[in-house]
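This report concerns only the one structure given below.
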Amino acid sequence: MKMSKGLMGRRLLGLAVAGMALVSGGTAFGQQPKPWEITLQEAATPVMENIISFHNLLLVIITLITLFVLALLVIVVVKFNAGANPVPSRTTHHTLIEVAWTLIPVLILVGIAVPSFRLLFQQLDIPKADLTVKVTGKQWYWSYAYPDNGKFEFDSLMAQDKQPRLLGVDNEMVVPVNKVIRVQTTGADVIHAFAVPSFGIKIDSIPGRLNETWFKATKTGMYYGQCSELCGKDHAFMPIAVKVVSDQEFAAWVEAAKKKYATNPANTYASAGQTAQ
């Protein structure tokens, strides 16, 4: 049975629209690792945008250096082999070349150092925060506390029945969009590491020490990370899920969370541990 050109065109147009919807939906609803992904995850914060720009700059520089060295090797092999050059040169010093191979690498390193220090300063200089979230790494899950919003705390464990696999959790960390979020992190038992690639953050959670980092998510959606420090047998099963929502949705979530985690404290591992003590 033959298909008319008009019908075929409409179906192709429908497939194209569906594909664009999926792509835009993936962008709007957050980021997660993808099979065979070789690039960095799409940026959701200004810091991550600068990390990607710096990464791309280094990729260009190292590619040019590699091609230059390859060209020199080819020239040496072709021009200075025994057949093409039976009488070798006796030159032992060349002032211009020695100055060049000392000065050019220094200039390259300075060119790399300037954006590197600028990026490092941006990561470490925490601006005035709109919201503080305290994150505690435990064996093997995360606990989140909101000292600015009623001082409630809850645990976040990997959920077996949620997608994406090994990244879905029962209780996500929720933050408002376009707000500076200060993350204070520590460890309850061993060293963990709080890392969310799309935000450009990765910081150790060390027992007895409070480390700080920050992010400002510019897109709503769900963003995933994982513990990035070998912390024990279930290291691979303590994902991080951050849900970025509008101001109105965040305010509603805070009110619901105050009731949920205040009336059912025994639902958290942390509360159960305190009760046992």
Side-chain angles (χ1 to χ4, degrees), residues 30 32 129-177 179-196 198-199 201 203-207 210-215 217 220-229 231-232 234-277:
Q32 65 187 63
D130 298 304
L131 174 68
T132 298
V133 181
K134 183 178 179 182
V135 182
T136 304
K138 302 176 181 179
Q139 292 180 314
W140 284 270
Y141 58 97
W142 299 94
S143 290
Y144 300 105
Y146 288 70
D148 298 339
N149 302 92
K151 299 182 180 180
F152 59 87
E153 182 176 0
F154 60 90
D155 296 331
S156 178
L157 290 82
M158 187 181 73
Q160 300 288 347
D161 57 344
K162 280 192 177 181
Q163 293 296 325
R165 179 176 175 270
L166 301 182
L167 291 177
V169 299
D170 55 355
N171 299 309
E172 298 89 359
M173 171 181 167
V174 181
V175 297
V177 70
K179 293 292 190 293
V180 175
I181 312 300
R182 177 172 57 188
V183 177
Q184 297 180 330
T185 183
T186 187
D189 31 52
V190 297
I191 299 177
H192 302 277
F194 188 81
V196 183
S198 290
F199 294 165
I201 59 173
I203 188 167
D204 284 343
S205 305
I206 303 173
L210 194 67
N211 287 334
E212 288 189 334
T213 186
W214 72 282
F215 66 88
T220 59
M222 189 76 74
Y223 299 89
Y224 296 98
Q226 289 178 301
C227 175
S228 297
E229 188 74 52
C231 58
D234 285 338
H235 159 70
F237 306 105
M238 51 181 303
I240 300 163
V242 182
K243 187 175 182 180
V244 181
V245 298
S246 66
D247 291 343
Q248 295 79 7
E249 291 175 308
F250 178 72
W253 176 84
V254 167
E255 294 305 314
K258 288 179 181 177
K259 299 175 183 177
K260 178 180 179 181
Y261 301 115
T263 55
N264 298 304
N267 287 344
T268 68
Y269 274 24
S271 299
Q274 291 174 359
T275 302
Q277 291 176 358

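Just so we're clear, the structure is a prediction, and the values are computed from it rather than from any experiment.
- Here D130 does not pair with R182 in a salt bridge; the nearest charged N to carboxylate O distance is not below 4.0 Å.
- For the atom pair OG of S143 and NZ of K134, the computed distance is 10.0 Å after rounding to the nearest 0.5 Å.
- At least one side-chain heavy atom of Q226 sits less than 4.5 Å from a side-chain heavy atom of L167.
- Of all heavy-atom pairs spanning T136 and G187, the tightest one is CG2-C, 4.4 Å.
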Take I181 and W214 through the test side chain to side chain contact (heavy atoms under 4.5 Å, CB included) and record every step on the way to the result. CA-CA 5 Å; I181 312 300; W214 72 282; over 6 Å; no

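- Across all non-hydrogen atoms, the minimal contact from I240 to C227 is CD1-N, 4.3 Å.
- Side chains of W140 and C231 form a contact here, defined as non-hydrogen atoms less than 4.5 Å apart.
- Within 6.0 Å of the NZ atom in K162, the count of heavy atoms belonging to other residues, nucleotides or ligands exceeds 12.
- Between Q139 and D189, the closest heavy-atom pair is N-OD2, 2.9 Å.
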May I have the step-by-step check of side chain to side chain contact (heavy atoms under 4.5 Å, CB included) for E229 and S205, ending in yes or no? CA-CA 9 Å; E229 188 74 52; S205 305; over 6 Å; no

Evaluate Y224 against V196 for side chain to side chain contact (heavy atoms under 4.5 Å, CB included), listing each step before the verdict. CA-CA 6 Å; Y224 296 98; V196 183; over 6 Å; no

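- Shown here for F152 and K258, the closest heavy-atom pair between the two residues is CD2-CG, 3.9 Å.
- E249 contributes a side-chain N or O that, together with a main-chain N or O of S246, makes up a donor-acceptor pair within less than 3.5 Å.
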Please report the C-alpha distance between M173 and F194 in whole Å, then the side-chain angles of each, then the deciding distance to 0.1 Å, and finally whether the side chain to side chain contact (heavy atoms under 4.5 Å, CB included) criterion is met. CA-CA 12 Å; M173 171 181 167; F194 188 81; 4.1 Å; yes

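- Between the side chains of N171 and Y261, at least one donor N or O lies within less than 3.5 Å of an accepting N or O.
- For the atom pair CD (E255) and NZ (K260), the distance works out to 15.0 Å, reported to the nearest 0.5 Å.
- Ring geometry for F215 versus F199: interplanar angle under 30°, hence parallel rather than tilted (30 to 60°).
- From T213, atom OG1 reaches atom CD1 of I203 across 5.0 Å, with rounding to the nearest 0.5 Å.
- Side-chain contact between M238 and M158 is absent, with no heavy-atom pair separated by less than 4.5 Å.
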Worked verdict on F237 versus W142 for ring-ring contact (aromatic ring centres under 6.0 Å, His included): CA-CA 11 Å; F237 306 105; W142 299 94; over 10 Å; no

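- Here the side chains of L166 and P239 are not in contact, with every heavy-atom distance at 4.5 Å or above.
- In the model, T185 has no side-chain atom that pairs as donor or acceptor with a side-chain atom of N211 under 3.5 Å.
- What you find for W253 and E172 is that their closest heavy atoms are CZ2-O, 4.4 Å.
- Here the closest non-hydrogen pair linking L157 and Y141 is CG-CB, 3.8 Å.
- In this structure, T186 contributes its side chain and I206 its backbone to a donor-acceptor pair below 3.5 Å.
- Distance alone, capped at 3.5 Å, is enough to place a donor-acceptor pair between the Y146 side chain and the V174 backbone.
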